[in-house]
Structures are given as C-alpha cells and as structure tokens.
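See structure below.
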Amino acid sequence: MDSQYKPLDPKDETTKNAYTTVFQTLRFIISNPDKGDVAVQMLSKSKIFQERLPSLDLNTKRPSKQAKAFFEHLKRYLNMYRPDAGIELGETLRYSNSKKAEACILATKRWTKGEIIRYCNGILVELTKEEESKLDDEKDFSIIASERKKRNCVYVGPGRFVNHDCDPNTAFYIQGSQYIVSFQVLRDIELGEEITCSYGTDYFGDNNCECLCLTCDRRKMGAFADKKGKGKEPVYVTISEEDESNNNHKEQQPQSPEIGVRTRGYHRVRSSQVAKQSQNIPSSSTSSSKTPNNQSQTASTSTSQAPQSQSPNSPSLRHRQSQSPQPMLKRPLSAQSQSRELNSMQSTIQRPQSEQKPYLNVNTRQENLSQSQPPPNTHSTPQSQIHQAGARHYSNQSRFRHDNMRQGQFQQSNSLYLPTSNNFHSNFGANQVQRISFPWTISQTVLPGQIMTTGFSITAGFCVSTTPGNAQPIMIPPHLLQFTSRQIPNNISASATSPRSPRMSINFLVNEDMDIEGGGGRLQTQSQPIQPCRIQDCSNTSAPDDRFCLRCRRHIKIYRMKWPARVSSNESSVVNEQQVIKKQSATRVQMISARATSSKPVTSNKTARKESVKGKNVEIVSFGDVSRWQPYQVSGYTTTKNSYSTSQDWAGRSSIHVHEYYVQKNTIKLRWDHQTGYVHITPMWKSTGLRPRALGDVIARDPRWSQAKKIIGGCTELQGIWLPYATAREFCVEYKVDPKIIQPIFGCDWWVSEEEEELPDVVMEDILEVEPMVRGVESGDEEADKERPSKRRRLENGFDRELQFARNATVLVAGRFLGEEEFRFIGDRIFRLGR
Ligand SMILES: C[S@@+](CC[C@H](N)C(=O)[O-])C[C@H]1O[C@@H](n2cnc3c(N)ncnc32)[C@H](O)[C@@H]1O
C-alpha cells in the first residue's frame, strides 16, 4: 500500500548488506525457532529498514507502538521459516499467463483435517477511505472486507501468498482478538501440495470465470471452460452444496469456538444429480453415470446453485454464527470493473485439445500402458504439469511397479487394474466413511539395502471405467481418497529374503459421497514412496534417493552442512531401536526432563541415584536422543567415554558424561556431552589458532550463540564454553574449524561444499593493510577512508597485538581491510577468496 515504495536495487551496497543480514537471520531462526524476538532484533538492525522506515526509529531502546507492531510483523514472516512451520514459500506458474512465476505456499509436512496452519498467517490492516480510493488497478492487493471491522482491509503477512482454489484445502481462520488470520485445514494435505483457500465465488470474475486454479483446470471450468462446449472432458464427481449443510459441512468448520471463518464460496453438485440429468439412466440414489457431454450441465448446475455475486462492500470474513456464502477476498473496486474485460480475454485461454498432454506420468515406464488405454484427464494441461513441478520434488522418485490382478502377470507400469470381482461394486452415501478393500497387489522394486517404502499416496486422482470395457473415465478428486494403510503390512517382511517385488495390499478410504462400479477397469495412481528423511529429528517423509526431504535440503543449503543420521551399530532393526531407546535413554531422558521442569532432585531411577543432583531449576536442551547416538567411527581417532566430576554444571549434575578424543598431535581434546548434546567449544576454538580470549567476545556478541553455557572453575577439562550440538555445528562452519578433526562428532559428510556458494579458502596474508577502527562501529565510506592514509597500518605476518590480529590462518577483524583484492567477511573474519 505504500505509494512511496521503491524497488530494491540489487547492486546497492545497503541492499547487499540487507541480503546478508536476512540470510543470517534465517539461519538463526531455523536453529532457534523460539527466539523470534532475537531474530527480529538482528534483522531490524539492518540499515535498509532504518533508511526506509526512519519514522519508526527502530534502534531506540524504547520502541514506539508502531515499531513494536513492525517487529511483530517481521516475526510473522520469519516464523514461516521455522522448521516446524510445515509450510514454505514456493513458486508456481499456474496463476500467471505471462510465464511469470508467482508465489505460492507449499506444505512441507502432512497436514490433517482440522489443523491450523499457524505460521501461515497475516493480519488485516484497515484501509482508510482515502487509501481505498487510491487502490491501484495495476497492483495486486489482497483486500478482505471485514465484518468485524466493518471496513475493507488489506491482508498482509505470509498468508497473503496463499492462492485461490475453487476446491480449496484450507479456509481462513481467525485467531483470537488480535485478528490474526491464518488457515484451517479442510482435508488432509500431502507433503508438497499447495496450500489453497477460497477467495470467494466471484473474485476472479463472475462465478470465477477467470480462475486458473487446478480444480478449474481439472473440471474445465473457470478460465479453462470450453465455451463452445466441444471439449471431451470427463465428468467430475462432485458433491452438492446441500450436502454441506449436514455433518460433512460441520466437520469442515473451524474448531475454535469464539471465532470461525470458512469459505462457502465453492459449489459442488451431487454426482447422482449429474448422472440423472445427463443420461437418465436408472440408478440408485447415489449411482452416477458419466458421459463426456454432461460437463456443461455440471457447470451450469453448479452455476445455478452458486450464491449470487455480492455487492463489492459486502463483508466476507465472517463469524460462524453469521456465515453467508459471500466472497472472501475482494479485488479493489476499480480492478473489479476491469475484470469483465479480462473475463472475456482470459476465458479464451483454453488450450487446443491437441496440445493437452494426457496424464502427468511420473514413471516413464507407464507410458506404454497410457498409450493403450485412454488416460484420465487429470492434469491435462501443461500448466498443470508446471504447477505440479514444486510438489513433484517430493514424489518424483516413484519407483513403483504395479502388477494387475491376474496371477503371474507383471506390468511395469504405474497403473493398477481393478479386480473384476463384484466386491468392487459399492455405493457410498454422503458422510458415510467407508472402506473399500481392494484385493490387488502392488509390487515395489526394492534394491538390496534400500529402505522399504512405508506408504503411498495418490496425488492425481484415479480413473475407473463404469462398465467393463467401457473406458470413459470418471475422475475422482484425490482428496476423496485416502490410503488407510500407511504402514506396510507384516507380510512385507518377505522382502528381506526376496528383495525384489515384495507384495502388499492397500486399502482406500472413500470419505465422501461417491459410487464406484468396477470390473477390469484401470486405476491410475501417482504413487509416492514414503521414506523417512535422514535428518535426525525430522518427522518429514520424502522419497529422494539421498533421503533428505526438501525442507532439510533447504536447511542444508542454508547451513552448508548435513545433519548426521547416525545410529549405533547395535540398533539394527526398528524394533531393536525402540527397545534400545527404551532401555538406554528413557531413564536418562526422564531424568533430564524431570530436572528441567522440577526443582526437586530426581532420585527415582538408577541413573538418577548415581548422580547427586543439586536440584537447580534449569533448562536442559536435550538434542533428540543423543544418548543413543554413538560417535562416528573415523580412522585416526579413538573416541572414548569419560565422566568428569564437577560442581559447576549448568544442569545441576555432579558429573558430566562425555565422548572425547585427541586431535592435533594429542594436544587438544575435543569432547561433547552425550546426555545433553552440548559440545565443548573452547578446544575447538583453540584448534583454529584463534586468540583464546576472543572466544568470549565472539560468543557474547553474536545472538546465534546465545544458548552457550559457560563452565567457570571446577574441573579444568570441562571449563570453557559449550554449545548445543546443532549450534556447535553452525559455529564450526562459521569459524572454519577443520572439518577433518570434528568428524567423529559430526560425521564425515556433514560439510557440504556448494558449487555456487563455496566458502572461500582461508588464506593467510603476509601483509594486510588495515585501518584500525573502533570495534562495533561500522566502517565509514571509502572516500573518507582514503583521506586518512596516515592511519593505515602495514601488518606483517598478519599479526598485530595492538590490533588483535591472529597469527594463523584466520584474522579477527579489528580494522578495515583496504586492499584491492576480493575479500569476504564471514562473521568476524576476513577470507581472501580461494586462489
Ligand atoms: C493473495 S495473492 C496470492 C499470492 C500470489 N500468487 C503472489 O505471488 O503474490 C492473489 C493473487 O494471486 C493470483 N491468483 C491466486 N489464485 C489464483 C487463481 N485461482 N486464479 C488466478 N490467479 C490467482 C492472482 O494474481 C491474485 O490476484
């Protein structure tokens, strides 16, 4: 809304610095998700904010109300990057006709119906009358008419990236009195699926005739509608609006008692109605008949049932008690007037049938089969494929081979054949959640040593022929199907002896009004093997070969290191693993968590009795199940377990149990506490040759290390600074601790050198020209610096006690480097870019 908004100039120095700060802040929030306030402080120190928002006076100790609101807003955006946010900002070409990528929100975990997507939110900012009148047709604002505020509001925050879908998987959800609008999940959302909501029935022209959503694409509606009625679209199984007034409808309501918003802007038509209208075939009340021609009827029925377009000022975000089928989001008024023109333009977007690609094949092996049988029209347009691209990151490793029901035959395809038996013929009434158990088998190729798939999901819907031999497909929207069996049944254990084509059966659950008749039909799925992400503590599942989920990959990129997945050798099977955790960790974990919350000594178990706990009320950050993770076996290092008595432990223990080993010709001992996951940073720092005293300063100044614990006094082995495991890794990257010497702690492959952003080698400079500067003061502009040559120093061997330069490979910056060559500041140090 800021009319003085100036786009950022990427070449501008302030912008470059801002990027660096943003990057650092993101790293910080990922490893310290609950320290949003600290992250905001980091970010708001950026010059760019001060330059652009001078009136907020962000640097003052007593921020104004407005500055506080700004910090809160920054935090909203930062929270989107929390590992537990379950969403991420993605890109899509679906909603743009100009090949310009637009933002979208993708799920980075599975969401279940009813959940609130907490960190995808935004606030409603009231528009003044003047602002409303200034709304620019060219710019796209998310305007929501708020009933509570009785005004048009602009919706700002990460939630504004949620796009519209006529069959959305979430609805707006208002949180509390602060009027924070987030989203509630209307049906289960798969990993990688786009989060969508409904903006209302008429946001994209009358009856959303300009809508480019996936649902419209599939249904050949909105901008994809075939105006001439020539398309051969399959009938879409739809549900009537009336059905929504019953239980099903209620289930989709937001749970919160005091607030509640849901969209009723989309309309569906009962399949049986469609069937009767179109073919007049005698059928049971729920039977459906599907012909190519009744699409237009579906559409028209839908249109006739649709609520009429509301006046532009009618409220849209409503409380439950006052729900009304009105639009959710509104275009600016002036834009609405344009929309009719756009409507006629965009409705011609329809691609020629010849251009339409049949089915989004994940597995090329299915192509043969796709040619022999008419494929369902799901994802029919190239746009659909583009749209799916983001999501396919999560599922593009489909390694399935499905066989049909005929014994002995084995098809290398991604298709399943429905059994010819009658037990497949079932009618399901609305709201009856029923289970159909298909006796088909799926074969999955499992290579020796490969982790077994633990589940499937349909991402593309499936197609069934109504009568044997008649191949007119019915498309069943994927959200109406769920796999009930995510776990492989026991018989899959056969895979151990026969690693090729183990067999399993799966069940589908149809949870809305639908009837399916089967027999020899083809069911086509886009199967997704679900493999647990290798990152420890990551609950995501994904399929890529290297078994890092997309979210963790992104984190790897940000951190430039991998999280190790290390399991001790005695934990061979899942069962064993669980037993080991139970036996070895439970008591310790219990003790630690008990101690973290209680001020009383814990003496109820063996481990606890051994230790005389001082009973401090302290917080112990336990790094997952650290106690079951063993040191990496790295040749050249012998890691031993040791226990040091101390009265100085921050956790109140009388002794600290560590893994430790010698490095650098047995001069330094690296160690970490395997109970809490804290790593002893002081010896690591020493190993870099940096001035030992500088460590305290570095730790104190950088909020990323704010979780550091200090042990002063007592046992000398333990004295110094300790950081939590994950933060310690980040610290090692930052201060270039020799990756080789810390391999027993972090593993061999923890360091990821990135081609595009490889860290420079650390090169010691024989001579550095520096200008001393007061620590903490930003360097002045170059012109001013040049005018003060007298202050320059030549530093031989890179060491100057007065300027606090270190002798070895790295240089603590106490001055400003004035050379011509390309150098880079990383944290507190200068690196010359690798020769
Ligand atoms: C609230 S924004 C959503 C985020 C947007 N994609 C972005 O990158 O800023 C709304 C805008 O997204 C686009 N959009 C979202 N859903 C759409 C849909 N179903 N059809 C066409 N455009 C859509 C339109 O440009 C719309 O004005």
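For ligands, and for the atoms within them, numbers begin at 1 and follow the listed sequence.
Counting heavy atoms only, Arg160 comes closest to atom 9 (O) of ligand 1 of the residues Arg160, Glu102, Glu210. Among Ile105, Leu89, Leu212, Thr196, the residue whose heavy atom lies nearest to atom 20 (N) of ligand 1 is Leu212.
Side-chain N/O atoms of Asn163 and Thr196 include no donor and acceptor closer than 3.5 Å.
Within the structure, the closest approach of Tyr155 to ligand 1 does not fall below 4.0 Å when heavy atoms are considered. Close to ligand 1: Cys211, with a non-hydrogen atom less than 4.0 angstrom away. Within the 4.0 Å heavy-atom cutoff, Asp165 does not count among the residues contacting ligand 1.
Lys68 pairs by the salt bridge (Lys or Arg N to Asp or Glu O under 4.0 Å) definition with nothing, not counting sequence neighbours.
Residues Thr25 and Tyr81 are not in side-chain contact: their nearest non-hydrogen atoms beyond the backbone lie 4.5 Å or more apart. The shortest side-chain heavy-atom distance between Leu212 and Phe224 falls under the 4.5 Å cut-off.
Here Ile105 contributes atom CD1 and Glu88 contributes atom CD; the two are 9.0 Å apart, rounded to the nearest 0.5 Å.
Aromatic ring orientation, Phe172 versus Tyr155: perpendicular (interplanar angle above 60°, classes split at 30° and 60°).
With ligand atoms numbered from 1 in the order given, ligand 1 contributes 3 (C) to contacts under 4.0 Å with heavy atoms of Val162. Listed by number with element, the atoms of ligand 1 under 4.0 angstrom from any heavy atom of Phe161 are 4 (C). Every atom of ligand 1 with a heavy atom of Cys213 under 4.0 Å away is listed here by number and element: 19 (N).
In terms of polar-atom proximity, His164 is counted as a contact of ligand 1, with an N or O under 3.5 Å from an N or O of the ligand.
A distance-only check finds no donor-acceptor pair linking the side chain of Asn79 to the backbone of Arg76 [under 3.5 Å].
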